[in-house]
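Proteins come first, then strands; the chains are lettered A, B, ... in the order of their sequence lines, and each starts at number 1. Given the structure is predicted, the values throughout are model-derived calculations rather than measurements.
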Amino acid sequence: MEKDSRNSDFLHVGNKILEWYGNNARDLPFRQTKDPYKIWICEIVFQQTRINQGLNHYNNFIKRFPDVKTLAEAEENEVLLYWKGLGYYSRAINIHKAAQQIMNDYHGVFPDQYEEILKLKGVGKYTAAAVSSICFGGRMPAVDGNFYRVLSRLFADNFDISNSKAFTYFSELAGLVMPENVGDFNQAMMDIGSEICKPKNPLCGECPINEDCLAFSIQKIADYPVKTKKVKAEDLALTYYFVHRNGQFLIRQRKEDFIWKKLFEFPDAISSNMETCITGSKTVNHKLTHKNLSIEIINVEVTSEKIWNDFIDENQYLITDVEGSHEKSFPKPLENYIQNSLKD
DNA sequence: CAATCGTGGAG
DNA sequence: TCTCCAAGATT
């Protein structure tokens, strides 16, 4: 039976990728260390997040929380503050809990085994593989979106990446290609995926493995990866009241298991005797992955001290001002609203 | 296990 | 304007 040359000896592909990485690795702050703490933080920050989008957050986070102990001892709200604007805020909650796990269960020493790293809150198979391979010589492929794309093109493989078994499937494909240095290989695949084998307009001419790439050879790059499921965003209307008096305004912390959990927000209702204080409103549209939000923010200018105080007492709202809001984490549209309120 | 969780940039 | 999607994890 005739075998395509691409179907044997895949190891040379991995070595080509490593060689390319040696000359083309991006110069990123977390590339200059093997401190598992820093690598862990960077892996969490950059989940579903582009490098340019998360770089400042990463640097600021490391500066404020340079080690596990500092992070574990911090207040949850301050950890959330350093996550402000980054999205997927449960990452901040989990990263804080995981730091406490490391202090309590591992005496403050970052676990060096894949199975142990996997037990940390917010750490899944991808992150455990990345940290263990980069920092401790672990040998698991860090299969992420880049792996799906590069491998599905390399093998012209139709496996649906929205299938829940995609991780296992592409882990096996990765195993065919994976060379000795798994840590560098994992990082190399991410760089190739984001710099060369891009979702749109990939730079196949510059790709170190274009001679091995089946999709490239049959001119079908755009057909891979296959992804059948599309997320549909539903419309959702929210109403907030920007209740303010003498430069101060009212907020509270979200608690329900819903969007923006544990972030701060404005009141979503006012007392009946406040309705005469309404001076206008503004509607902001904001897109989340699964929701198209239409947020109406009603301006309530309270003049009566009694009405102000009664409302706060009844609902246990917190009082802040623009300056104080800098110390709390708000959803992006509310953060924007607060900053714009300066211009009045 | 399919649905859910942000934000911003590219095309 | 609109769609896709980016170093995923959790429930």
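- Straight-line distance from the CG atom of A:L55 to the C1' atom of B:dT7: 16 Å, rounded to whole Å.
- Nearest to the side chain of A:R50, among B:dT7, C:dA7, B:dG9, sits B:dG9.
- Each of A:K332 and A:H290 has a nearest nucleotide on DNA chain B; the 5'-most of these lies closest to A:H290.
- At a threshold of 4.0 Å, the pair A:D257-A:K262 does not count as salt-bridged, since none of the basic side-chain nitrogens sits closer than that to a carboxylate oxygen.
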With the criterion being N/O to N/O and under 3.5 Å, what pairs connect the protein with nucleotides 9-11 of chain C, and how long is each?
| from | atom 1 | to | atom 2 | distance (Å) |
| --- | --- | --- | --- | --- |
| C:dA9 | OP1 | A:G124 | N | 2.8 |
| C:dA9 | OP1 | A:G124 | O | 3.4 |
| C:dA9 | OP1 | A:T127 | N | 3.1 |
| C:dA9 | OP1 | A:T127 | OG1 | 2.7 |
| C:dA9 | OP2 | A:Y126 | N | 3.4 |
| C:dA9 | O3' | A:G122 | O | 3.4 |
| C:dT10 | OP1 | A:G122 | N | 2.4 |

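- Taking every side-chain heavy atom of A:K287 into account, C:dT3 is the closest of C:dT3, B:dG6, C:dA7.
- A:W20 and A:F185 fall within a single hydrophobic cluster, where Ile, Leu, Val, Met, Phe, Trp and Tyr are joined by side-chain heavy atoms under 4.5 Å apart, directly or via other members.
- Ring pair A:H12/A:F10: centre-to-centre distance not below 6.0 Å.
- Distance noted for atom P between B:dG6 and C:dT11: 14 Å (whole Å).
- At least one test fails for A:K38 against the ring of A:F30: distance under 6.0 Å to the centre or angle within 45° of the axis.
- Ring planes of A:F330 and A:F266: tilted class, angle from 30 to 60°.
- A:I259 comes within contact range of the sugar-phosphate backbone alone, with a heavy-atom separation under 4.0 Å but no base atom that close.
- Taking atom CZ on A:F330 and atom C1' on B:dT7, their separation rounds to 18 Å, with Å as the unit.
- Base engagement by A:F30 is indicated by at least one non-hydrogen atom pair under 4.0 Å involving a base atom.
- Proximity of a side-chain donor or acceptor of A:R31 to a complementary backbone N or O of A:R26 within less than 3.5 Å is detected.
- Rounded to a whole angstrom, the distance from the P atom of C:dA7 to that of B:dA2 is 23 Å.
- For the pair A:K227 NZ and C:dA6 C1', the interatomic distance rounds to 10 Å; values are reported in whole Å.
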* To do: Please report the C-alpha distance between A:F170 and A:F147 in whole Å, then the side-chain angles of each, then the deciding distance to 0.1 Å, and finally whether the ring pair (Phe, Tyr, Trp, His ring centres under 6.0 Å) criterion is met.
  => CA-CA 7 Å; A:F170 284 98; A:F147 272 66; 9.4 Å; no
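- Looking at the side chain of A:N146, the nearest of the listed nucleotides C:dA7, B:dG11, C:dC5 is C:dA7.
- If you check every strand for non-hydrogen atoms under 4.0 Å, A:G54 touches nothing.
- Between A:H286 atom NE2 and B:dG8 atom C1' there is a gap of 10 Å when expressed in whole angstrom units.
- At a threshold of 4.5 Å between non-hydrogen side-chain atoms, the residues A:Y89 and A:L263 count as touching.
- As judged by a 4.0 angstrom heavy-atom cut-off over every strand, A:K291 is placed among residues touching the sugar-phosphate backbone only.
- Among the nucleotides C:dG8, C:dA7, B:dT7, the one closest to the side chain of A:P333 is B:dT7.
- In this structure, CD of A:Q187 is placed 14 Å from P of C:dA7, rounded to the nearest angstrom.
- Judged by distance alone with a 3.5 Å cut-off, a donor-acceptor contact links the side chain of A:T49 to the base of B:dG6.
- Residue-to-nucleotide proximity on DNA chain B shows that, of A:N201 and A:S164, the 5′-proximal contact is made by A:S164.
- At a cut-off of 3.5 angstrom, counting only N and O atoms as typed in the model, there is a donor on one side and an acceptor on the other between the side-chain of A:R26 and the base of C:dA7.
- For A:K230, the side-chain atoms get nearest to C:dC4 when compared with the rest of C:dC4, B:dT7, C:dA7.
- A donor-acceptor pair is defined here as one N or O able to donate and one able to accept, closer than 3.5 Å; no such pair exists between the side chain of A:N104 and the backbone of A:A99.
- In this structure, CZ of A:R149 is placed 15 Å from P of B:dA10, rounded to the nearest angstrom.
- OP1 or OP2 of B:dT7 sits under 4.0 Å from a side-chain N or O of A:W260.
- Atom-to-atom, NZ of A:K262 to P of B:dC5 comes out at 16 Å; the value is rounded to the nearest Å.
- Spacing between atom CG of A:N292 and atom P of C:dC4 amounts to 13 Å, rounded to whole angstrom units.
- Closest-nucleotide positions on DNA chain C for A:V143 and A:P225 were compared, and the one nearer the 5' end corresponds to A:P225.
- Ranking B:dT7, B:dG11, C:dA7 by closeness to the A:K200 side chain, first place goes to B:dG11.
- Residue A:Y58 places none of its side-chain N or O atoms closer than 4.0 Å to OP1 or OP2 of C:dA7.
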